[in-house]
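Just below is one structure, and these are the notes that go with it.
Only heavy atoms go into these numbers, but all of them, side chains included; no hydrogens, no water, no symmetry mates. Counting from 1, the numbers follow the sequence of the chain as shown.
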Amino acid sequence: MSGDRKPAAAKQQGAATAYPFTLRNCGTDVTYKAPPQKAVTLNQSAAEILIHLGVGDRIAGSGYEIEKTPDAIAEQYKKIPLLSAPGQEIKNEKLLEAQPDFVYGSFAGMFTAEQSGDRKQLHDLGVPTYLTEFDCSFHESVAGANFDMLYEEYRRLGKIMNVPAAGEKLAAEQQAVVRKALRAVKKRDTPLKVMWFYSTYEGTPWAAGPGGLPQHISQLVGAENIFADAKTKWAEVSWDEVAARNPDVIILADLTRGEPNDTAEEKIALLKKDPLTSKLAAVKGDRFISVPGSHMDPGYGSASVVPTLVDGLNRLG
């Protein structure tokens with residue numbers, strides 16, 4: 001947790017941010033000299049967080065749109081210029097054309113010279129950045145990854161955007177969603193084994209490993225992630241491994257970016273058609289739980305995965 005958090009009284013009063021200030025983010029000290037007015041979000045879920053903080057009108061552009069925007073924020077989101085094609089990352093030239101005064105992203109792979117530009121390059125141009133602490137290094141597992149890290153991200157962004165009270169409010173609202181859902185968890189003598197099935201690449205499945213929110217959520221609801229021993233938080237596995245570990249329930253990422261086997265329906269069809277996985281009890285018994293794919297990565301929608309998973313496991317377990 002960050003050491004820059006305000007005393008409780010200051011939080012309640014929503015004290016304005018004092019600029020300039022410096023945060024240590026993913027091992028880099030970043031100085032924010034003024035409230036951003038032309039922020040660029042590198043991905044859709046980052047834009048959604050700023051909208052929920054009440055500063056969507058200060059987003060000058062966004063990218064990597066991979067799914068339908070939730071109805072609650074659709075009107076605000078559609079006003080944001082898209083700086084890349086759906087499912088594509090913003091290129092550095094396009095980013096700089098937007099003349100941002102702040103860049104926020106959820107994936108380290110986007111802050112590269114080949115994509116939107118590395119963070120040092122942007123800092124040298126006088127553009128401060130923020131990269132989620134969940135992905136300081138591409139796909140690397142993060143020790144102790146949990147919801148507290150996400151709540152702290154809301155607080156930090158609230159401070160950066162000079163809406164600290166909004167950051168505290170958003171953190172409290174999401175914490176309440178998670179806590180309410182966990183009260184409905186059914187105790188089991190033996191934990192249910194779950195697979196978080198995100199996508200396939202050239203026929204190879206990718207599943208959630210340790211060091212990310214799927215692993216944390218599994219532990220919260222008393223389930224066992226069958227790939228908790230993987231080397232990365234998103235691991236390239238095999239269907240043989242899936243069959244050998246024999247999950248009780250398969251949690252499907254429902255993606256609408258247009259890649260093969262992206263939607264939950266396509267994943268179910270794939271599992272039922274494959275000679276190996278079609279024999280799994282979870283597949284034969286239709287023991288599937290579907291969640292929007294982006295919610296498996298840290299973002300505003302992540303908290304909603306907890307009640308969805310609790311309800312699904314209670315129903316299927």
Side-chain angles (χ1 to χ4, degrees), residues 1-62 70 72-73 75-77 79-80 100-107 111 119 122-123 126-136 142 144-180 213 297-304:
M1 300 294 287
S2 168
D4 68 325
R5 293 176 60 184
K6 300 182 180 70
K11 291 177 188 176
Q12 293 171 359
Q13 295 167 7
T17 302
Y19 297 90
F21 73 96
T22 300
L23 285 177
R24 189 155 186 82
N25 168 224
C26 285
T28 299
D29 289 330
V30 185
T31 298
Y32 306 89
K33 296 180 179 179
Q37 301 299 319
K38 295 182 66 178
V40 167
T41 50
L42 300 185
N43 52 289
Q44 182 178 355
S45 56
E48 291 178 358
I49 289 174
L50 293 191
I51 290 172
H52 282 287
L53 287 172
V55 294
D57 58 339
R58 287 195 257 161
I59 303 176
S62 191
I73 60 169
E75 282 295 315
Q76 297 174 73
Y77 181 81
K79 296 176 182 178
I80 300 170
D101 57 8
F102 173 57
V103 179
Y104 168 42
S106 304
F107 304 100
F111 278 113
R119 298 183 75 198
L122 293 169
H123 296 167
V127 181
T129 65
Y130 192 88
L131 169 62
T132 180
E133 297 279 347
F134 286 95
D135 201 49
C136 293
V142 179
N146 58 27
F147 275 114
D148 285 342
M149 287 176 59
L150 185 58
Y151 306 150
E152 183 67 6
E153 186 163 323
Y154 297 154
R155 296 185 185 101
R156 287 179 148 212
L157 289 166
K159 182 172 183 178
I160 291 167
M161 303 300 292
N162 197 23
V163 288
E168 291 293 340
K169 181 173 182 289
L170 188 56
E173 289 173 350
Q174 296 238 296
Q175 188 176 52
V177 169
V178 173
R179 286 178 172 173
K180 179 180 178 181
L213 281 184
D297 286 310
Y300 178 82
S302 300
S304 68

Item to complete: Take N162 and Y19 through the side-chain contact (heavy atoms from CB on, under 4.5 Å) test and state the conclusion after the steps.
Response: CA-CA 9 Å; N162 197 23; Y19 297 90; 3.1 Å; yes
Discussion item. With side-chain contact (heavy atoms from CB on, under 4.5 Å) as the criterion, how do V40 and Y104 come out once you've worked through the C-alpha distance, each side chain's angles and the decisive distance to 0.1 Å?
Written reply: CA-CA 6 Å; V40 167; Y104 168 42; over 6 Å; no
Item to complete: Could you walk me through whether L213 and D297 pass side-chain contact (heavy atoms from CB on, under 4.5 Å), step by step?
Response: CA-CA 7 Å; L213 281 184; D297 286 310; over 6 Å; no
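V55 approaches M161 most closely through the heavy-atom pair CG2-CE, 3.9 Å. S106 approaches L131 most closely through the heavy-atom pair C-CD1, 4.2 Å. Residue P20 comes nearest to T31 through the heavy atom pair CB-CG2, 4.1 Å, listed as atom of the first residue, atom of the second, then distance. Residues T41 and S62 share a closest heavy-atom pair of OG1-OG, 2.7 Å. Contact record, R119 with Y130: NH2-CA, 4.1 Å, taken as the closest heavy-atom pair. Shortest non-hydrogen contact noted between V178 and A303 is CG2-CB, 4.0 Å.
In this structure, I51 CD1 and Q44 CD are separated by 9.0 Å, a value rounded to the nearest 0.5 Å. Note that CD1 of I160 and CG of N25 are 7.5 Å apart. Values are rounded to the nearest 0.5 Å. Distance CD/E153 to CD1/I49: 5.5 Å, rounded to 0.5 Å. Taken from CG in L50 to CZ in R58, the straight-line distance is 9.0 Å, to the nearest 0.5 Å. A distance of 10.5 Å separates CZ in F111 from OG1 in T28, rounded to the nearest 0.5 Å. Within the model, atoms CD1 of I59 and CD1 of I80 stand 3.5 Å from one another, a figure rounded to the nearest 0.5 Å.
Relative ring orientation between F102 and Y32 is described as perpendicular, the plane-to-plane angle rising above 60° on a 0-90° scale split at 30° and 60°.
For the 3.5 Å distance criterion, the side chains of Y151 and E173 fail to qualify, holding no donor opposite an acceptor. With no hydrogens or angles considered, no side-chain donor-acceptor pair links E168 and Y154 at under 3.5 Å.
Side-chain N or O atoms of D148 include none that pairs as donor or acceptor with a backbone N or O of N146 at under 3.5 Å. Under the 3.5 Å distance criterion, the side-chain polar atoms of E48 are left unmatched by any main-chain donor or acceptor of Y300. Within the 3.5 Å criterion, the main-chain N or O of K38 finds a donor-acceptor partner in the side chain of D101.
Contact of the H123 side chain with the V30 side chain is registered, since non-hydrogen atoms from C-beta on lie closer than 4.5 Å. Between M149 and V142 the shortest side-chain heavy-atom distance falls below 4.5 Å. Between T17 and P164 the shortest side-chain heavy-atom distance falls below 4.5 Å.
More than 12 non-hydrogen atoms from other residues, nucleotides or ligands lie less than 6.0 angstrom from CD of Q37. Within 6.0 Å of atom NZ in K180, 12 or fewer heavy atoms from other residues, nucleotides or ligands are found, so the atom counts as exposed in its surroundings.
Relative to the six-membered ring of F21, K159 meets both conditions, a distance below 6.0 Å and an angle of at most 45° to the axis.
Taking the charged nitrogens against the carboxylate oxygens, D29 and R24 do have a contact shorter than 4.0 Å, which makes a salt bridge. Contact check on R155 versus E152 returns a salt bridge, with a Lys/Arg side-chain nitrogen under 4.0 Å from an Asp/Glu carboxylate oxygen.
In this view, F147 and H216 satisfy the ring pair (Phe, Tyr, Trp, His ring centres under 6.0 Å) rule, not counting sequence neighbours.
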